[in-house]
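Comments concern the structure below.
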Amino acid sequence: MAEIILHPQHPDYCKECVYHDDKNGACMSKDYAQNSYKVVCVWHYCKYKRKREV
């Protein structure tokens, strides 16, 4: 069975990441915080995302 990979525009894209803070919905990755403009406006995906193991 294939793994479903969410598209970056999907509302749950960040929720499956290990850096996602469930309490306030923010990203806890320092790399993301430093490069948020590139992630959102240039790359259109997060290369710092690490998928949460279920």
Side-chain angles (χ1 to χ4, degrees):
M1 186 172 202
E3 178 182 354
I4 297 173
I5 300 171
L6 297 179
H7 187 273
Q9 299 300 323
H10 191 281
D12 292 335
Y13 180 72
C14 292
K15 290 181 181 177
E16 70 177 14
C17 181
V18 295
Y19 297 119
H20 179 74
D21 184 6
D22 291 329
K23 293 180 183 176
N24 65 12
C27 183
M28 299 182 301
S29 170
K30 291 179 183 177
D31 291 328
Y32 176 88
Q34 291 175 338
N35 297 291
S36 61
Y37 173 79
K38 288 181 182 177
V39 170
V40 175
C41 300
V42 179
W43 302 328
H44 304 291
Y45 76 98
C46 183
K47 71 177 190 175
Y48 308 111
K49 179 178 172 179
R50 301 289 180 262
K51 183 145 180 179
R52 190 179 299 185
E53 294 295 325
V54 179

Next item on the list: Spell out, yes or no, whether Met28 and Tyr48 are grouped together once hydrophobic residues are joined by side-chain heavy atoms under 4.5 Å, including indirect joins.
Entry: no
Next item on the list: Report whether Tyr45 and Ile5 are members of the same hydrophobic cluster (ILVMFWY, side-chain heavy atoms less than 4.5 Å apart, transitive linking).
Entry: no
Margin query: Please give me the minimum heavy-atom distance between Leu6 and Asp12, naming the atom from each residue.
Written below: CD1-O, 3.4 Å
Margin query: Among Cys46, Cys14, Cys27, exactly one meets side-chain contact (heavy atoms from CB on, under 4.5 Å) together with Tyr19. Which residue is that?
Written below: Cys27
Next item on the list: May I ask you to decide if Val18's main-chain N or O and Arg52's side chain share a donor-acceptor pair within less than 3.5 Å?
Entry: no
Note to self: Within this structure, what is the NE2-NZ distance for the pair His10 and Lys15, rounded to the nearest 0.5 Å?
What the structure shows: 9.5 Å
Check: Just checking, Lys49 and Tyr13: is the charged tip under 6.0 Å from the six-membered ring centre and within 45° of the axis?
Finding: yes
